[in-house]
Amino acid sequence: MWVHEHTAETAVPRELIWKTLADIDGWIAWDTSMEAIKLDGPFAVGSRVLMTPAGQDPIESTIVEVTELERYADETSFGGAVLRFSHTLSTPAEGTTRIVHRLEITGPDADRLGPELGPMITEDFPEAMTALIAHAAK
């Protein structure tokens, strides 16, 4: 397994961060790594997310976890690996929202693909987190 996390804290209320994450079709306004993104179905476990990362072929993810105001996760199969992206929200102190963006790469080819793909995929996590917070604050 290969894992990477990026954490940020903000004064933007958790409800506004969650609203921005749950509006998957609206990610295109703040997630600069995407050329296109579309939720196929409700924002719920089992729905598909169709996205085109900048300069890449379209991919399909499946929502695997939604816990209102706390956690959203999706999974994408890639060769012999599974990429699981999660966004976890918490309130560690009054008036503060903590956001953890995590990528886990698992599966038979994770040991080979993780060190190769993981850093390329996660290099924009800090920029994406900053953009998420700024968009949610509007």
Side-chain angles (χ1 to χ4, degrees):
M1 176 165 55
W2 187 92
V3 176
H4 176 82
E5 283 188 353
H6 180 76
T7 302
E9 291 195 13
T10 180
V12 176
R14 186 160 78 172
E15 293 79 10
L16 294 179
I17 299 292
W18 181 259
K19 181 179 176 185
T20 303
L21 283 173
D23 178 19
I24 291 178
D25 291 347
W27 285 24
I28 199 72
W30 58 268
D31 189 340
T32 59
S33 70
M34 292 294 150
E35 288 178 6
I37 189 161
K38 176 79 175 137
L39 177 62
D40 183 19
F43 183 64
V45 172
S47 290
R48 298 178 313 144
V49 179
L50 311 170
M51 61 187 89
T52 304
Q56 298 179 32
D57 292 331
I59 58 174
E60 180 180 308
S61 296
T62 302
I63 296 176
V64 294
E65 186 176 353
V66 175
T67 303
E68 185 79 16
L69 297 175
E70 290 181 19
R71 188 170 168 87
Y72 160 75
D74 61 50
E75 290 185 353
T76 304
S77 294
F78 185 84
V82 175
L83 286 65
R84 181 184 177 104
F85 293 87
S86 64
H87 304 270
T88 304
L89 307 180
S90 62
T91 307
E94 183 70 30
T96 302
T97 301
R98 178 178 293 147
I99 309 160
V100 179
H101 189 174
R102 179 181 174 105
L103 170 61
E104 297 175 11
I105 300 176
T106 59
D109 287 341
D111 290 340
R112 179 179 60 81
L113 292 174
E116 179 183 332
L117 288 176
M120 290 188 301
I121 294 170
T122 61
E123 70 183 351
D124 76 331
F125 275 19
E127 178 184 325
M129 188 83 67
T130 298
L132 165 67
I133 291 167
H135 191 78
K138 291 181 181 178

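Quantities reported herein were computed from a predicted structural model and do not represent experimental measurements.
Panel note: side chain W27, backbone L21; a donor-acceptor pair is recorded below 3.5 Å. Under a 3.5 Å cut-off, the side chain of T122 and the backbone N or O of G118 do form a donor-acceptor pair. A distance-only check finds no donor-acceptor pair linking the side chain of D109 to the backbone of A81 [under 3.5 Å]. Between the side chain of E35 and the backbone N or O of G55, at least one donor-acceptor pair lies under 3.5 Å. Looking only at distances, a side-chain donor or acceptor of T97 sits under 3.5 Å from a matching main-chain atom of R14.
Shown here for P119 and G114, the closest heavy-atom pair between the two residues is CD-O, 3.5 Å. Residue P115 comes nearest to A110 through the heavy atom pair CD-O, 3.8 Å, listed as atom of the first residue, atom of the second, then distance. Counting all heavy atoms, side chain and backbone alike, I17 lies closest to A136 at CD1-CB, 3.6 Å. Contact between L39 and R48 at its shortest, heavy atoms only, is CD1-O, 3.5 Å. Scanning all heavy atoms of the two residues, the minimum distance from Q56 to T52 falls at O-CG2, 3.4 Å.
I37 is not listed as a side-chain neighbour of D31, based on a closest heavy-atom distance of 4.5 Å or more. Counting heavy atoms from C-beta on, the side chains of P53 and I59 come closer than 4.5 Å. Two residues are said to be in side-chain contact when any heavy atoms from C-beta on lie closer than 4.5 Å; L117 and M120 meet this criterion. Within the 4.5 Å cutoff, side-chain heavy atoms of R71 are placed close to those of T88. Using a 4.5 Å heavy-atom threshold, the side chains of S47 and P42 count as touching.
Under 3.5 Å, the side chains of E65 and S86 contain no donor-acceptor pair of N or O atoms.
The hydrophobic clustering, which links ILVMFWY residues whose side-chain heavy atoms are closer than 4.5 Å, places M51 and V66 together. A single hydrophobic cluster is not seen to contain both V100 and L103; linkage of ILVMFWY side chains at heavy-atom distances under 4.5 Å, directly or through other members, places them apart. Hydrophobic clustering (ILVMFWY, side-chain heavy atoms < 4.5 Å, transitive): V49 and F125 are in distinct clusters. Hydrophobic clustering, with ILVMFWY side chains joined whenever heavy atoms are under 4.5 angstrom apart, keeps I121 apart from M129. By the criterion of side-chain heavy atoms lying less than 4.5 angstrom apart, applied directly or through intervening Ile, Leu, Val, Met, Phe, Trp or Tyr residues, L83 is not grouped with V64; the two fall into different hydrophobic clusters.
With values rounded to the nearest 0.5 angstrom, K38 atom NZ is found 14.0 Å from E60 atom CD. Expressed to the nearest 0.5 Å, how far CZ of R102 lies from NE2 of H87 amounts to 13.0 Å. Of the inter-residue distances, the one linking E104 atom CD with E5 atom CD reads 8.5 Å to the nearest 0.5 angstrom. With rounding to the nearest 0.5 angstrom, the OG atom of S33 is 8.5 Å from the CD1 atom of I28. Atom CD1 of I99 sits about 12.0 Å away from atom CH2 of W18, to the nearest 0.5 Å. Rounding to the nearest 0.5 Å places NZ of K19 at 12.5 Å from CG of L69.
Contact check on D74 versus R84 returns no salt bridge, with no Lys/Arg side-chain nitrogen under 4.0 Å from an Asp/Glu carboxylate oxygen.
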For the pair L89 and E70, evaluate side-chain contact (heavy atoms from CB on, under 4.5 Å) and give the outcome as yes or no after the intermediate values.
CA-CA 5 Å; L89 307 180; E70 290 181 19; 5.7 Å; no
Output, in order, the C-alpha distance, side-chain angles, deciding distance and verdict of side-chain contact (heavy atoms from CB on, under 4.5 Å) for D25 and D23.
CA-CA 6 Å; D25 291 347; D23 178 19; 4.2 Å; yes
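More than 12 heavy-atom neighbours from other residues, nucleotides or ligands sit within 6.0 angstrom of CZ on F43.
Note on ring orientation: taking the six-membered ring where Trp is involved, the planes of W2 and H4 are parallel (angle under 30°, cut-offs 30° and 60°).
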